[in-house]
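Chain letters run A, B, ... following the sequence lines, proteins first and then strands; every chain starts at 1. Computed from a predicted model, the values in this text were never measured in an experiment.
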Number of protein chains: 2
Amino acid sequence: MAATLSDVAQLAGVSIKTVSNVIHDHPNIRPATKQRVLDAIAAVGYRPNLTARNLRSGRTGVISLVLPTLRNPYFAELAEAVIEAAEREGLSVLIEQSRGADAGARASTAQLVDGMLFSTLGSEAEDTGLYAQLPAGPHSPVDHVTMRNTEAIRAATEHLLALGRRRIVALGARPGDTSGAGSLRLLGYRQALAAAGLDSRPELERAVESWTRFDGAAATEALLNSGTPFDGIVAFNDALALGALRTLGQRGIRVPEQVSVIGFDDLDDARYSLPALTTISPGREQIATLAVQMLAERIAERGEPLPARTITVPFALVERESTAQASAD
Amino acid sequence: MAATLSDVAQLAGVSIKTVSNVIHDHPNIRPATKQRVLDAIAAVGYRPNLTARNLRSGRTGVISLVLPTLRNPYFAELAEAVIEAAEREGLSVLIEQSRGADAGARASTAQLVDGMLFSTLGSEAEDTGLYAQLPAGPHSPVDHVTMRNTEAIRAATEHLLALGRRRIVALGARPGDTSGAGSLRLLGYRQALAAAGLDSRPELERAVESWTRFDGAAATEALLNSGTPFDGIVAFNDALALGALRTLGQRGIRVPEQVSVIGFDDLDDARYSLPALTTISPGREQIATLAVQMLAERIAERGEPLPARTITVPFALVERESTAQASAD
DNA sequence: TGCTACGTTTACAACGTTGTAAACGAGGCC
DNA sequence: GGCCTCGTTTACAACGTTGTAAACGTAGCA
């Protein structure tokens, strides 16, 4: 059994509270007493019971992060950023995988954590940053730290246009989407084409089931089979782009000579693909840091609920091999 | 502020304990009373305070998983398997990233969790399964669920030998290693060669700094530059193998026609590389499940410490494109 | 009518901690 | 010598929950 304050107090011949005072470095403790207590602490191997401390303080120092699955590198990298940011705030992170069904997740540990972060709030949204919320009621204010979906994909598309590409595929559009990252990104793609005076062509907007490598490969396969000519691919995330690279490679289509490819997410994977993938770095670290900070603020301000806030972080375009200037063009 | 048992009791006009009894479905509660309490619970939106419950019970229902980083897909996939297994045992998982320095990690949350899993116990070990331990003392017994490192790499090497490969590179050996996964795997490689009557050649045992894609690519680069002829690569993990594929691809060396490549880990990535990577599936799900179960057992048996146990799980060789039989051989 | 029996509800204590406020004791000052 | 002051230590209560055991009240039986 673990030693308690009481054990230490008994051994040191002082009251429980004095031991507690020593532990918390309270002023006005006689050095001799302090030493005696410290010796007793060492002797019994006392370590504070955090559960009891939490009960007193009403805090646990733990937040939960709800995400679909860690198998997806996007979420894994997000999780690692969140854990690092939380550590800086003195918080630990409990991870829950929602696997699509997201509502149930919040129930399980809500009463055990000081706050919760959701990487997707509804099932419709894709990777649009983080939502932060206290475990309180279902209708408490929710902060949102998000990325520039539209602007970033617009910049990505313009990057290909600047290379002279004119038949640019939007890989990852999803049929009926009117909200979520998918539609925002599609909007950016269309804006870029429009600004360049190009018509948007339905046959270049390729739908996928989900934003996975597999679907990226399959959609590219279908695209090639359809015979639709194209010279660039703006993939709505890196997984799709990597899938596309695979299919193109298999079919012997050279990237970036024949087709330029750009992704979105800046996964570690993007650096090591063949060719290395040009992509949008959406500001993941900053999203994680801000979301954790906002949640920490809310936890601190408990009482007068802050209004819901939304913050958008800047993105960057990372040029790699998949959009290199074709030398012999 | 959250409602407590006391609030519910007051509203329902009963004692605190009766409310508690209703919540726990104790027998012998008059239906009328029960209904009144249930209504009150709903009215005030009562949800049990888990921290208080934990203090009473001495359990938290949380275990921690300590791993180097989630950025590494191996650990991310391991984490997802652990979280799933924990969920089945009714446990939540708190993730801590050790980033190499591993000793410090255990201190931070030890008093907040019922038990801990380490994916590497010392810095020397690579991915050799999971260690399970109660948060108690530093010298409490440690369970270990591990994989067949030597046998698996031996099987991998024999797989290439069966394809007719004779100049097989061991990618991932590490110079002075005498323990850890690296040396176990190197042993398996040498066993396979010896069993086939081949001498092991130092120039085919390629060292790397760390088991990353980057180092896999760099080591392959160095290998090619050295002029040493080779027709197969047994990489000690998938990341190294994927790095090797990248370099081979870049240099125009055809896999599997000219070189067969096999990895170890069976990451999701291995399925989507070009060519798809043949690899060893080390039994990750089973490792996670068993480790969590053993830890749960220890948590339940608190009092009489079980002796430390070690379990080894079976592996499987997953054939994909990178070791396909060369048609024109 | 008086007693037992049992279903139902309750008071109390405890888990280990910490804030509050009071108690203690010794030194300094008038 | 008596009183005040201040440094040091302590008792008590409380955080919200649940196990133990006792109290309550009514029905059933003699």
Side-chain angles (χ1 to χ4, degrees), chain A residues 1-38 40-41 44-62 109-114 135-136 299 302-303, chain B residues 1-38 40-41 44-62 109-114 135-136 299 302-303:
Chain A
M1 299 306 124
T4 71
L5 281 184
S6 171
D7 299 325
V8 177
Q10 198 165 354
L11 181 59
V14 297
S15 77
I16 284 183
K17 192 62 216 290
T18 297
V19 179
S20 171
N21 287 340
V22 168
I23 291 172
H24 288 83
D25 254 336
H26 272 226
N28 300 336
I29 304 177
R30 212 182 318 159
T33 310
K34 183 167 184 174
Q35 193 52 52
R36 205 144 33 91
V37 170
L38 290 177
I41 287 178
V44 302
Y46 170 78
R47 309 194 57 187
N49 179 318
L50 291 189
T51 305
R53 203 174 261 181
N54 293 341
L55 177 58
R56 267 296 321 211
S57 69
R59 304 265 165 79
T60 67
V62 177
T109 56
Q111 303 308 307
L112 196 53
V113 300
D114 292 339
I299 292 170
R302 185 165 294 183
Chain B
M1 299 308 124
T4 71
L5 281 184
S6 171
D7 299 325
V8 177
Q10 197 165 353
L11 181 60
V14 297
S15 77
I16 285 184
K17 193 61 216 292
T18 298
V19 180
S20 171
N21 287 340
V22 169
I23 291 171
H24 289 82
D25 255 335
H26 272 226
N28 302 334
I29 303 179
R30 213 182 315 161
T33 310
K34 183 167 185 174
Q35 193 53 53
R36 205 143 33 90
V37 170
L38 289 176
I41 287 177
V44 302
Y46 169 79
R47 311 194 56 189
N49 179 319
L50 291 189
T51 304
R53 204 174 261 182
N54 293 341
L55 177 59
R56 267 298 317 212
S57 69
R59 303 264 165 79
T60 67
V62 178
T109 56
Q111 303 308 306
L112 195 53
V113 300
D114 292 340
I299 292 171
R302 186 166 294 183

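Side chain of A/Thr33 to main chain of A/Ile29: no donor-acceptor pair is present (N/O by atom type, distance under 3.5 Å, no hydrogens or angles).
Here the side chains of B/Thr51 and A/Thr60 are in contact, with some heavy-atom distance below 4.5 Å. Two residues are said to be in side-chain contact when any heavy atoms from C-beta on lie closer than 4.5 Å; B/Leu112 and A/Asn54 meet this criterion.
Here A/Asn54 lies out of heavy-atom contact (under 4.0 Å) with every strand. Across all strands, B/Pro48 comes closer than 4.0 Å only to sugar-phosphate atoms, never to a base (heavy-atom distances). Nucleic acid contact for A/Asn49: sugar-phosphate only, since backbone atoms but no base atoms lie under 4.0 Å from a heavy atom of the residue. Within the nucleic acid shown, A/Arg56 comes within 4.0 Å of at least one base atom, counting heavy atoms only. Counting any heavy atom pair closer than 4.0 Å across all strands shown, A/Thr4 reaches sugar-phosphate atoms only and no base atom.
Contact footprint of chain A on DNA chain D: nucleotides with an atom under 4.0 Å from a non-hydrogen protein atom, first to last in 5' to 3' order, D/dT8 to D/dG16.
A distance of 6.5 Å separates CG in B/Leu55 from CG in A/Asn49, rounded to the nearest 0.5 Å. A distance of 9.0 Å separates CD of A/Gln10 from OG1 of A/Thr4, quoted to the nearest 0.5 Å.
The two residues A/Pro135 and A/Val113 make their nearest non-hydrogen contact at CG-O, 3.4 Å. Considering every non-hydrogen atom in both A/Ala12 and A/Ala40, the closest pair reads CB-CB, 3.8 Å. For the pair B/Pro48 and A/Gln111, the tightest heavy-atom approach, listed with the atom from each and the gap, is O-CG, 3.2 Å.
Judged as a salt bridge (charged side-chain N to carboxylate O under 4.0 Å, His left out), the pairs with a partner in residues 7-32 of chain B (not counting sequence neighbours) are, in order, B/Asp25-B/Lys34.
Sorted by residue number, the members of residues 29-38 of chain B with any non-hydrogen atom under 4.0 Å from DNA chain C read B/Ile29, B/Arg30, B/Thr33.
Qualifying side chain to side chain contact (heavy atoms under 4.5 Å, CB included) partners for B/Leu5, counting only residues two or more places apart in sequence or in other chains: B/Ile16, B/Val19, B/Ser20, B/Ile23, B/Tyr46. For A/Gln35, the side-chain hydrogen bond (donor to acceptor under 3.5 Å, both in side chains) partners at least two apart in sequence or on another chain are A/Asp39.
Bending across the helix from C/dT1-D/dA30 to C/dC30-D/dG1, expressed as the angle between its end axes from five pairs apiece, amounts to 80° (10° rounding).
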